[in-house]
Structures are given as C-alpha cells and as structure tokens.
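Here's the structure we're looking at; comments come further down.
Each ligand, and each atom within it, is numbered from 1 in the order the structure gives.
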Amino acid sequence: MQIDKVYEPQRFEPHWAQWWIDSGVFRADAKAPGKVFSLVIPPPNVTGVLHIGHMLEHAEIDVTVRWHRMRGDNTLWLPGTDHAGIATQMVVERKLAEEGLTRRGLGREAFEARVWEWKAQYGDTIKRQMIRLGTSCDWTRERFTLDPGLSRAVREVFVRLYQKGLIYRGEYMVNWCPRCHTAISDLEVAHADVAGHLWHIRYPVNGVEGASVTVATTRPETMLGDTAVAVNAKDQRYLDLHGRTVQLPLMDREIAVIVDDLADPAFGTGVVKVTPSHDLNDFEAGRRHNLPKIQVIDENGAMTAAAGAYAGLDRFEARKRVVADLEARGNLVKVEDYPLSLGKCDRCKTPVEPLVSTQWFVKTKPLAASAIEAVETGRIEFIPANWSKTYFEWMYNIRDWCISRQLWWGHRIPAWHCGECREIAVALEAPAACPRCGSANLTQDTDVLDTWFSSGLWPFSTLGWPDRTEDLAAYYPTSLLITGFDILFFWVARMAMLGIEFMGDVPFRQVYIHGLVRDAERQKMSKTKGNTIDPLVVTEKYGTDAVRMALLQGAAPGTDIVLTEERMESSRGFANKIWNAARFLFLNMERSGVEPWVPESLEEFRPMAEPDTVEASIEDRWIFSRLNSCAEQVNRSIEQYRYHEAAQVLWHFFWHEFCDWYVELKKLSFRENSGLTPGWRNTLAAFESALRLLHPAMPFLTEELWQRLAAGGAGRPKSIALAGYPQYNREGTDFAAEREIGVLQEIVTMARTLRAEAKLDPKQQLEGALYSRTAALETAQRNAAAIQTLANVKLEFTAGTAPKAAVIRSTAEFDLVLHVPQAQQEAQLKRMAKERDQLVKNVASLERQLGDEGFLGRAPGHVVEGMRKKLEDYRAQVEKLDGAV
Ligand SMILES: [Zn+2]
Ligand SMILES: [Zn+2]
C-alpha cells in the first residue's frame, strides 16, 4: 500500500505504458464475444514525430476506445504508419545531400534501399512516442502502407479498377513541381497571394496593314508557345478577325484566330492568347480546336529548344528577356500591377508549372456516386453534421484523380510497357512476355502511386484484404474514424469511394472531425510563430494524464481547442488532489489493518449495510448517489463525443464532491473511530468505481491507484483497462441522502462565505445560530458535528426566524447567524447597507412594472406571477436587513 508522498507521474507512467503492452491488455481477438468496436488510426507519416495535434487526436480516440473496451465490447484500435511518398523521399534526399550524394547518382534500387535503411533507423519515432503516452492500440496488428500484404492489396485494386475501365492513362495538364520532379494533385498546391503584373502585348494581324490585337498575360514567357489567339463569338468588335491569323512576335510564327468562349469580352481587350501546353483552360480550348501543342518549358522549369533563342534559360530569366525584347521591338503596350494567386508546391514552395504529360488517372465520378449516397442515406455519419456539406460540395464537383507520381519511394505502378509493340500490360505480377506480341522486352512503368492511393484502402487492406481473414470479417466496417478536417478529401472521401467499391460496404459508420489546438491567444500553432507545444516536453513536465485532461477539457465538437500552460498546470493539480485523497485512504487502511478490497458486483452503485450498523452512513449513501449521476453524464458525453463535458463532469465529481466533501466527512468519522469506520467497504468501493469512471481520461493515474486498491484479487481483471465501466442505475438516486448532504453543504458554504466577507481567519472558532421553520433544522442538528468541523462554527439550533443580527445570511429554509466580535462587524454592516440599497431599488422597479396596466395586459401570466413572487422575496429580505441594521 506504500504510496509516494508526492504525485510524480514520471515515476510510474513509463512502467504502465510498457506493462500494458507486455500484458497484452490492448490485444484484440476477432473471436471474442461482445459488440464489435473497431477503429483504424489515421496513419501518421513514417517521417513523423508526435505533435500536439496528434496528441489531441490520439487522446480523443483513446478515451473512446478505452471506454468501449471497458464496456465489454470486442475492441480494436489498429495502429500503423504511412510511407508518405514525397515527404519521405525528400528527407532521405536531404540526408544524401549531406554526404554529397544524389538520388539519381545512386540509382533507383540503391536509393530505395537507403530509404528502407532510414525507415528501420528512424521510422518508428512516432510509435515509440505513442507507446510512451499510453495510446491503447493493438501493436501486434501494426501496419505500414508498404508492407507486403498492403502492397498486394494496392496492386489488386489497381488491376481491378483498370479492368473495369476506371483507371486510364491519358495526356493531361498536371501541376508539375520542377523541384520535386513530380506531378502533384490540386490539393497539394498551396496558393499564395502575390503582387504580380499584367503584360499587354501587341500581335500584328496578318493581311491587314497596320492592324493588331492586344493580349494580356501574367506569364509573358509562355507566349513563345502560343498556337492561337481567341475571341468570343458574341464580341462585335472582332467579327472581322474571324478566319484570319496573327503573327506571333519574337517567334515569327503565324497562328490562328479561334472563336471560343475562352475569350471573355469583359476581360481586358477581349482577345486572349492560347498556350495549350502551359495552361489548363488553354489546353482544353486546344483540344476543342485541334491546336498544336508547343512545349516551351521543360520539367526542370527551363526553356526547351522550341523556345528558340530562349532555349536553356530558366523560366524566370526567360520572362525578363522576353519582356525586354518585346519592349525593344515595340510590341509591349503596357505593364500593370496585378495581384494574383500563385500556385506553389505544398512541400517545397517552388512555383508550380502547369505541364502536359501522360499520367495515370482514376475515373472518380462513378465511384463518387455511391460514396455520396452513403452519406446522404446516413450510412456514414459526420460529426459535427455540417462537415457533410463540405464533403458533398467536393464530391459533386470531383475531377478525375491523377494517381501517378514521378517518385521512387512508393508502390510502383503494376503496368509493363512492351519495347516492341508499345502494348501496356497491367497485371498483379510481372508478365513473362508481352500479351500482344510475345516479346520479353518489357519494362515496368517507372512511376509510383500517389500516397493517398494506398491510404485510401487502409480500413480493409490493414485487416488482410484481399484475403477473407477473420479480422476482416469481424472488424470491417470499422465503427468510427476520428480525424482532422484537412484530410477530409485527401483521405476520408477516397476511403469512402474505395471501401464501398471493394468491400461493398462503407469503411466506417461515423466520422468525428476534431478541431485544431490553438495557443492562449487562440492563434494557430506553428513553428514559424514559435508558439508550438511539444507534447513530449509537457508530458514530462506535467504528466501525460494532466496534458490529456487539459486537451479534453477544451475538446467540444466543432470548436478548436485552446491549450495553455495554466490549463495543464491546473490539470496536474487535479491529479494531485486525487493522489492525496488516495494517500489518505491508503494510510487509513494501513492503520486499520484493512486489506485492499474490491466489491464483487461492480456495476451498481449501492452502498452496503455493514453487519454492525443498521444502515450505511449518510455520506456513503450520498456519494453513491452522486457516482450514479456522474456515471450517467460521463457515459452519455463520451458516447456523443462531448469530451469536454465528460472531463468537466469528472473534474467536478472528484474535486468538488469526492475530495472536498466526501473525504472531508470521512476524516471526521475516521478520527472518531481512530481508523476506518465500520463502513470502510463503502469508501473503498466508491473510490474504486470513481477510478474506473476516470480511467479513459487519465489512464496512468487510475491504473497506478487501482492496482494498489484491487491487487491480488482472484478472478479480477489484470488491469483497470479491462475492468467494467460503471453504468447508470435507474434506481440509484438516493433523494433523501442528496437532500441531507445538500443542506449540510449549504450551511457550511454559507458560513464560509460569511467568514470570508467579514474577513475572519478561517482558524478562528466562532459561535452561531441556525433558525429554521422547516425540516432543515433537524437535518442541520443531525450534522452539527460535521458543520462544526468543516466550517469551524459551533451552532445553536432554534425553530423560528432569526432576530436582528449583524452577520446573517438567509435562504428560503433557514437563517444563519454568526456571532462576530463587535470590532469585526463594521465591514459587514457596510456590505449589508449596500445590499439593502440594491434591494430597495429592485423593489421599486418591480412595483413600477406591476403597476403598469399596459404591461400587465401584454405579459404572460407566469411572468407576472414570477415577478410578484420576486417582489415579495425582495421585500422580505429588506425587512430582514432592517432588522439586522
Ligand atoms: Zn516541390
Ligand atoms: Zn509487345
């Protein structure tokens, strides 16, 4: 029963973290009985280290998962990491650069080997951190998106989609990062507002002496690749241009005038240049009009041979030269300042270059339809519900998904190109020969798949698909997904589409979207602002439980979470308070020679009558009644993801009911009996139940204390994490006990307030009197000893109302008078005079309103009735004060 004097979580948290794993406490069993509750982790990047956003996400998941496990559900939290294609490749490339090596210099195979090496060495940082923080995952089922099994699932999905015509290869305009050398999805382009320019350039019209048109562009270097200019059919100004050509300056190329909606008569001059190779809209217009494509910028962001005199120049250098040359030749009409939104690579911040290339795509519209329907019909529920709107908006406007990436780290596309007949063979494994010409000259596609392709399969690939495993049968669909809004499209939507397509059912029933963690000024945390909180630093300082509690207290659905040092500090104080209560109980158990003990039936809050007492003590009955109410609220709150509410209810119960009142009342009887009273079983049972209620929120503290309390019991679960979660009992409210302790609390609180107002030393013993004409008098009398100890006031009890007194407080049921020495009364008198003034004002105001016929005619009856009652009450209080003063 030895317990340290001071609450030092660092001394026991690492122990339990490891013990939970070694003892298999979180290991799931597909064949176990009970309702299934399963959840897959949003896989952190393998390059990742734990940040406070993870800690919030994991705390919310962990509370829910532990709660389900304790309720006896067949519970699985499946952990793992994502290979994070581009992010990981960049980390390793940076390391190579330090050694003076490059990826291309090493070659593909050697580079991949280096990445695996890196992964083995550094790739499990986040796992170690999660284990230390006690996240209750089943680590025996840990997965990595590049595991052989998951890679097989990726190939299987690719081949099936291809055979169904849902994967195709096509020329398309992609966002190209000249630094990362890969196509990146629209979602990975970060837009930044920059001060750009609009260059107006004159193109001479062929065949009309002296005629010209002016086009405007924010990227003059692309004019080198123009293959047309466009005018709108409705634009009356340019009817005579239809069918003509213009001469492209600098390149001296004749290009067509096309009539197309691409030209907006209201924008600029109404004439626009058309560069099918370097702009998405122009690309599409080019398709409509069969325009040639001339690529003048290459994959490195340098000008191609097609750029003539500018070949080899960097795209931004070329811009300067083109502008200078246009000006020198008199083709530059003017330059305007022009704010624009510049697309940059989200990873490396290099301006994105729209380029035409051949890529692999998933046709998403057919997949989106059933994923939309799943949310519309409620088979997938978003919490908070308004996230479904965001989801629909995106899904209704979904574009085909470019899934190929020009990277080396990831799932290589299972397609083989024939060197003889150019046939493309898509297959699970490398074919021996070309299916068309039989040639053995086959090379695998060099691209890898977008990292979100494999994470899109996560809920079923991790459970063993395409094999029909026990895990898949038991745990799919998963019950819940908890994640951030930033990956709603990247990930949640793709899982919905692919899950329904391949499993015939939704991947999860509910999606809870959590908020962001912000600082005290409600600022977003960022490294550049320097306001980040490192979860490992603060857990070391305050303890994991305290940081969890601080996060949970702010975790209301649909809001961001403010996390401050003060909040963590006070949560540590909360843990400390519980520690001290435990210490007090343990010391008394030891003193009384009482063995650790846990009741047989844990599910109902019923105090036990002891053989040598007629009934359980009033405070025992009361604390069980409060526990019951606490259990009701906490269960409901966790079920509805109202973590903040669960945290507040637990806080209030432990601090303001269990520690402040129950333990204080117990101290009295322990003192009287010099040790635990005969009802000690109730005290231990109540504390043990309370620990279980708190366990999902503060797992370490509760395990540490519970093990001492429940140790050695045969047939008991080995961990509090496997003990039953206390449930509400319909008959468990003890109204008589609640009322009795309620009166006691009211009197003690009032006496303490009176003392504080009169600025009296809490240690100064006072005498006083309680007057009442109700049953409260008897109740108070029964608890006189408790009142005397808790409020340090010795009371006399009288039936009736109080006479005039200096220090007095009244309720509807009783008057409490403290006999305060004359010298201390003056401050009190002043306060009462002030209070009286306010009451007189209130009386006057109510009298005025109640005397107003018009008001009485308009106001509803119950309002008028309420006002009359109030008026009476105010008058009575004035009278009492008059009596006192
Ligand atoms: Zn980049
Ligand atoms: Zn062939």
Using a strict 4.0 Å threshold on nitrogen-to-oxygen distance, state whether R219 and E353 make a salt bridge.
yes
Testing the 3.5 Å rule here: is there a donor-acceptor pair between the side chains of T222 and K273?
yes
Flag, side chain of S404 to backbone of Q359, donor-acceptor distance under 3.5 Å:
no
Ring centres under 6.0 angstrom apart (W452, W458)
no
Atoms of the protein (N/O/S only) found under 2.8 Å from the Zn ion (ligand 2)
C418 SG, C421 SG, C434 SG, C437 SG
Is the ring centre of W387 less than 6.0 Å from the ring centre of F382?
no
Rounding to 10°, state the angle centred on the Zn ion (ligand 1) that links SG in C345 with SG in C177.
110°
Angle at the Zn ion (ligand 1) (to 10°), with one arm to SG of C180 and the other to SG of C348
110°
Between K363 and D400, is there a donor-acceptor pair closer than 3.5 Å when you use the side chain of the first and the backbone of the second?
no
Indicate whether the side chain of D325 and that of Y310 have a donor and an acceptor atom separated by less than 3.5 Å.
yes
